[in-house]
Amino acid sequence: MFRGNAATLEFLQLELDHRLAAALIREQVFTPTSHPKLQCVMLTSPSGSSFSSSTIEPGFLQLMFDIAPGAAVRSISRLTFDEPIPRLLSLLGKHAFLQVLSLPDQRLVVWEALTLIKSLPLLSDLRGKAPKLHPMPESLEFDDLVGYVHTTYSPMATRFRCCHIDEDKEDYVADSVVPFLLLALACPNFDYVAVPLNHRGRFAEQLWKEINKPMFEVFAPRLRRLIPCELKHN
């Protein structure tokens, strides 16, 4: 089914279970050079199920990232990565042409998100659960966050523009405000967060609250771009 169109396949939406994953690995259907025109890859587990990378056929994680390393769009859903984050980031970092990445079941710490964005120079859109602030790097204090981001990550990712939150839990959305502000400090063109409609008001209020604190106020003109236009104060 796959080998007959390897030279022309441009879009792949694949529901992977253990049996299919094992067959694809065994038959070496996908290699980094096997499908040169594949631009959009959407992988998921069967409807109603969800599994973690540690329970999948050995080699499955590598398989997922061997499929079309030149693809511009990649979505991986109903799969939780138990692999060490550096391993996951190293695999994703090989996809230099990636522009849109969707990990709807993965909640990244903001430091992981920053490392991921830095490794993908063309990435413009990251989709998933709201990022979290903790755990923070060892010995880093909250009041030193801005300086740490500037020293470690900024400036970078001029293509990165937006994040989409793929969850509907108000507390998580509200708690993601500081991580998003840190992303905005590091990524000069990041100016849009897609928040579920019923949480946009609280999200905007939290943004105003944090932006006006001493830690962020010097950057307020730029950070206010994250606030939805219709919710901005006069």
Side-chain angles (χ1 to χ4, degrees), residues 85 89 92-93 98-104 106-234:
I85 286 295
L89 296 180
L92 282 169
L98 195 60
Q99 298 174 36
V100 179
L101 176 63
S102 177
L103 298 171
Q106 201 73 18
R107 188 183 309 284
L108 297 176
V109 183
V110 64
W111 319 112
E112 297 167 347
L114 283 165
T115 300
L116 177 62
I117 295 166
K118 190 172 184 177
S119 70
L120 297 170
L122 299 184
L123 189 70
S124 63
D125 186 349
L126 179 62
R127 305 178 180 212
K129 292 184 176 181
K132 57 184 180 178
L133 182 63
H134 298 279
M136 295 200 300
E138 188 176 356
S139 76
L140 179 62
E141 300 292 336
F142 187 84
D143 290 342
D144 298 327
L145 287 175
V146 171
Y148 178 80
V149 168
H150 273 290
T151 301
T152 310
Y153 300 101
S154 182
M156 67 170 193
T158 56
R159 297 287 188 96
F160 188 69
R161 297 294 305 271
C162 62
C163 282
H164 289 73
I165 298 179
D166 293 334
E167 68 179 337
D168 194 25
K169 296 182 179 180
E170 187 174 24
D171 289 342
Y172 286 141
V173 173
D175 291 344
S176 68
V177 165
V178 170
F180 279 129
L181 291 175
L182 295 175
L183 283 175
L185 289 178
C187 305
N189 293 317
F190 174 49
D191 59 6
Y192 180 69
V193 181
V195 179
L197 185 60
N198 53 326
H199 301 320
R200 293 180 75 190
R202 185 180 177 194
F203 183 76
E205 290 176 3
Q206 289 294 108
L207 277 173
W208 275 109
K209 180 179 177 181
E210 294 296 336
I211 288 171
N212 289 320
K213 289 183 177 180
M215 182 168 65
F216 291 113
E217 62 181 356
V218 68
F219 306 100
R222 177 152 64 94
L223 296 178
R224 289 193 189 108
R225 295 181 305 179
L226 291 178
I227 301 173
C229 292
E230 70 274 18
L231 298 177
K232 288 182 179 178
H233 299 171
N234 294 325

State, to 0.1 Å, how close [X] and [Y] come at their nearest heavy-atom pair, and which atoms those are.
X      : Y      : value
Leu223 : Ala184 : CD2-CB, 3.6 Å
Cys187 : Phe160 : SG-CD2, 4.0 Å
Arg224 : Asn212 : NH2-OD1, 4.2 Å
Ala186 : Val149 : CB-CG1, 3.8 Å

Side chains of [X] and [Y]: closer than 4.5 Å at any heavy-atom pair?
X      : Y      : result
Leu133 : Phe142 : yes
Leu182 : Phe216 : yes
Lys132 : Asp175 : no
Ile211 : Leu226 : no
Leu183 : Leu126 : no
Leu181 : Leu207 : yes

In Å, rounded to the nearest 0.5 Å, how long is the span from [atom1] of [X] to [atom2] of [Y]?
X      : Y      : atom1 : atom2 : answer
Leu145 : Leu185 : CG    : CG    : 10.0 Å
Gln99  : Leu123 : CD    : CG    : 8.5 Å
Asp144 : Met136 : CG    : CE    : 9.0 Å
Leu114 : Thr152 : CG    : OG1   : 9.0 Å
Asn189 : Cys162 : CG    : SG    : 11.5 Å

remark   = Across all chains, not counting sequence neighbours, the ring pair (Phe, Tyr, Trp, His ring centres under 6.0 Å) partners of His150 are Phe219
task = For the pair Phe203 and Phe180, name the ring-plane relationship: parallel under 30°, tilted 30 to 60°, perpendicular over 60°.
result = perpendicular
ask   = Do the rings of Tyr153 and Trp111 sit parallel, tilted or perpendicular, given the 30° and 60° boundaries?
value = parallel
request  = For the pair Ser119 (side chain) and Leu116 (backbone), establish whether a donor and an acceptor sit closer than 3.5 Å, ignoring hydrogens and angles.
outcome  = yes
task = Would you confirm whether Arg107, through its side chain, and Ala130, through its main-chain N or O, come within 3.5 Å as a donor-acceptor pair?
result = yes
task = List in chain and number order the residues that pass side-chain hydrogen bond (donor to acceptor under 3.5 Å, both in side chains) with Arg222, two or more places apart in sequence or in another chain; answer none if no residue qualifies.
result = none
Lys213/Glu210 ion pair, N-O < 4.0 Å = yes
query = Any ion pair linking Asp125 and Arg161 (charged N to carboxylate O, less than 4.0 Å)?
reply = no
